[in-house]
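See below for the structure under consideration.
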Amino acid sequence: MAAPAASAPVYDVVGLGFGPANVAIAGAIVDKWASTRSGDATSHVPLQQVLFIEKQPEFRWHPGMLLPNSRMQISFLKDLATLRSPQSFITFLAYLHSQDRLITFINRGSFTPTRREYADYLSWAAEAVQKRGIQVRYGEEVVGVTRLEDGTIEVCSRDTATGEESRRVTKNLIISPGGSPKLPPALSVHWPHPRIFHSSSYISSADAFFASISQTSEPLRIAVVGAGQSATEVLLDLQSRLNALPLPSGKKHVLDMIFRKGSLKPSDDSPFSNEIFDPATTDFMFRLPTQRDRQHVLREYNPTNYSVVNINTIENLYEVMYHQKLLDGIKARTGREDESNRTRITLLPNTSIYAADIVSPSSEASSTSESVRLTLHNVLTRAVSLKTYDAVFCGTGYDRDSWTRLLASSNLAEHFGIKSSSIELVAESEGPTTTHLFADLDDIESRISSSSTDGFSTPPTPDTPHSHHSPLSRGSHPSKVRISRTYRLLSERESKGEAAGPHEARVYLQGCTQSTHGLSESLLSILGVRAGLVVDELCNTSGAGNQSTL
Ligand SMILES: Cc1cc2nc3c(=O)[nH]c(=O)nc-3n(C[C@H](O)[C@H](O)[C@H](O)COP(=O)(O)OP(=O)(O)OC[C@H]3O[C@@H](n4cnc5c(N)ncnc54)[C@H](O)[C@@H]3O)c2cc1C
């Protein structure tokens, strides 16, 4: 095991990623500094050296889906801090006030900001914490972590522009990586490919795709995969882009939406169901006796978030499709074609993608680019059909397991008792693992939950003959790692009831613990409260080595 370099500065906290989860942590730390300074002048100010490492070149919140007029699916009061402390400097109200829009926002009479405004709020907050002393390195990707001899952790990051590596040592690590794009297995084997896109980069991909086809004499054929919020928003946006692309009269662009469900389903945001996102529900979930019980609750509340669409978006799409039918009727009766009706949307429900092949441009075809041929399987009639598309856009959610690869490839694996590349989180509150009649079912369920998709997506797609299998999800029995209510991973020694070493670095996980902490984990609802718990624990339990005097 490596010894720490004598001259290197040691951070109190290093955070992987600087998305909303870690901005909320930064805000809670700054609030802690302020309350310590305004109290006893001789008291120790905790966690002074704090650094977040973010691979994007600047703060950006889901830039690929900042579609015009798209709205948040959450009250503005569930911002980065209000539920933890309404007096915080990074509340949404403080943002509105600083931008001179508070009264206009009130007059607007809605609890839900647009996604564009919320993204601006988050980037304002990211700047506000930096102005108060939080350090952030943008454009660096964390590529490795190593436990050093003295219990601290060395974080290795790579500059995304130059490839240059940096190493920093920290007493505590907070891993908040968000999700990585998830595609149906049949398509993921070809990804990245210039004709296969994921909603995470929708706007830039669609801009580039349409720029490459500024005019066409042949109709375009586009597929959207998924039945969640993102997929439906992408479908509607593609329809307006296609309608703007002129075609010889009588021809129509093809826009198919492919999904396994029977129809698009509305999200359940009714008040009682919404309580599943309350901070108190996290306590309830965490204390449930077994993983199986938690899976039961997660399944019941899936329609609050998974593979569902806001009812307004569903109604918009229905209206668009009704209008399409109206114009078809007018054309059939009068022979008059409406110039704006250039796209034919077709929903293909009960359909899964069995296989995908890349088709080279043939010499006779007018297109000079590759296309994607999908083998579609109707899950009810079992009919198989082949369809070829110029582009396929997937709104199929995110995997949240990048942290498992980071730990499994580090010497921290030994520290946490990780023996295989597949990791399953276990709530600290659970007793020793017992084998019972449904052990196999538990295994399957926990595997599904560790690669869960978010509410802007569809659920995991079954494997197909063309699937690519991640070594993390297959082939080995998962290593169980215990996690505390305060989101700290417990070392193997602690799991056996032994005390942690006094200078042992703490490793926290944010946004990836749905299986132990519940549905709000990957969302925004409890960010402020969650950050407060982590920061309180870091401040309360940090020994002399973790504190410094101003
Ligand atoms: C289009 C869209 C809309 C949404 N709307 C809502 C909503 O209305 N309400 C709601 O509750 N939730 C919503 N969500 C869910 C979303 O997950 C949360 O809003 C939020 O982004 C979670 O914050 P996070 O910090 O955990 O993850 P992220 O926002 O994903 O941030 C993680 C950050 O870590 C960085 N990172 C990852 N790996 C590394 C690495 N190795 N090195 C350095 N940096 C790294 C990433 O670049 C990223 O900036 C939405 C999601 C999407 C996709």
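First listed ligand is number 1; within each ligand, the first listed atom is number 1. Worth saying up front: this structure is predicted, and the values here are computed from it rather than measured.
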Exercise: identify the closest heavy-atom pair between R485 and D283: NE-OD1, 2.7 Å
Taking every non-hydrogen atom, the tightest pair across L80 and A24: O-CB, 3.9 Å
Side-chain H-bond candidate by donor/acceptor type, E141 with T160, under 3.5 Å: no
Test of proximity, R71 against ligand 1: N or O pairs below 3.5 Å: no
Which atom of S157 lies closest to which atom of R168, heavy atoms considered: OG-NH1, 3.2 Å
Shortest heavy-atom approach to atom 7 (C) of ligand 1 - which of Q510, M72, K55: M72
Under 3.5 Å: N/O of E54 near N/O of ligand 1: yes
N/O separation below 3.5 Å, S230 to ligand 1: no
Donor on one side chain, acceptor on other, Q514 and S522, under 3.5 Å: no
Heavy-atom nearest option to atom 20 (C) of ligand 1, drawn from W61, Y138, Y202: W61
Close-contact set for ligand 1 against R400 heavy atoms, below 4.0 Å: 17 (O)
Ring centre gap for Y95 and Y121 strictly below 6.0 Å: yes
For P177, atoms of ligand 1 separated by under 4.0 Å from a heavy atom: 32 (C), 34 (O), 37 (C), 38 (N)
Heteroatom proximity flag, G511 to ligand 1, N/O under 3.5 Å: no
salt_bridge(R488, E428) N-O dist < 4.0 Å: no
Per-atom contacts of ligand 1 with E141, taking only distances under 4.0 Å to non-hydrogen atoms: 40 (C), 41 (N), 42 (N), 43 (C)
N or O contact, M65 vs ligand 1, cut-off under 3.5 Å: no
Q56 neighbourhood, listing ligand 1 atoms whose heavy-atom distance to it stays under 4.0 Å: 47 (O), 49 (O)
Side-chain H-bond candidate by donor/acceptor type, D269 with S267, under 3.5 Å: no
Ligand-side contact atoms (ligand 1) for residue partner E140, heavy atom cut-off under 4.0 Å: 43 (C)
Polar contact flag for R115 and ligand 1 (N/O pairs, less than 3.5 Å): no
Sub-4.0 Å atoms of ligand 1 with respect to non-hydrogen atoms of Q73: 7 (C), 8 (O)
Donor on one side chain, acceptor on other, R71 and S110, under 3.5 Å: yes
Ring-ring centroid check F197 Y202, cutoff 6.0 Å: no
Which side-chain N or O atoms in residues 124-137 pair as donor and acceptor under 3.5 Å with protein atoms at least two apart or in another chain?
{"from": "W124", "atom 1": "NE1", "to": "S98", "atom 2": "OG", "distance (Å)": "3.2"}
{"from": "R132", "atom 1": "NH1", "to": "A128", "atom 2": "O", "distance (Å)": "3.1"}
{"from": "Q135", "atom 1": "NE2", "to": "Q49", "atom 2": "OE1", "distance (Å)": "3.0"}

Element-labelled atoms of ligand 1 that are located less than 4.0 Å from some non-hydrogen atom of S176: 32 (C), 33 (C), 34 (O)
Per atom 19 (O) of ligand 1, closest listed option by heavy atom (N310, L524, V142, N22): L524
Residue-ligand contact S522/ligand 1, heavy atom below 4.0 Å: yes
Contact atoms of ligand 1, heavy-atom distance to I53 under 4.0 Å: 43 (C), 44 (N)
Any donor-acceptor N or O pair under 3.5 Å, side chains Q229, E233: yes
Close approach of Y398 to ligand 1, heavy atoms, under 4.0 angstrom: yes
Nitrogen or oxygen atoms of I74 and ligand 1 under 3.5 Å apart: no
L523 N/O to ligand 1 N/O under 3.5 Å: no
Aromatic ring proximity H62/Y118, centre distance under 6.0 Å: no
Y118 contact mode with ligand 1 (heavy-atom cut-off under 4.0 Å): neither
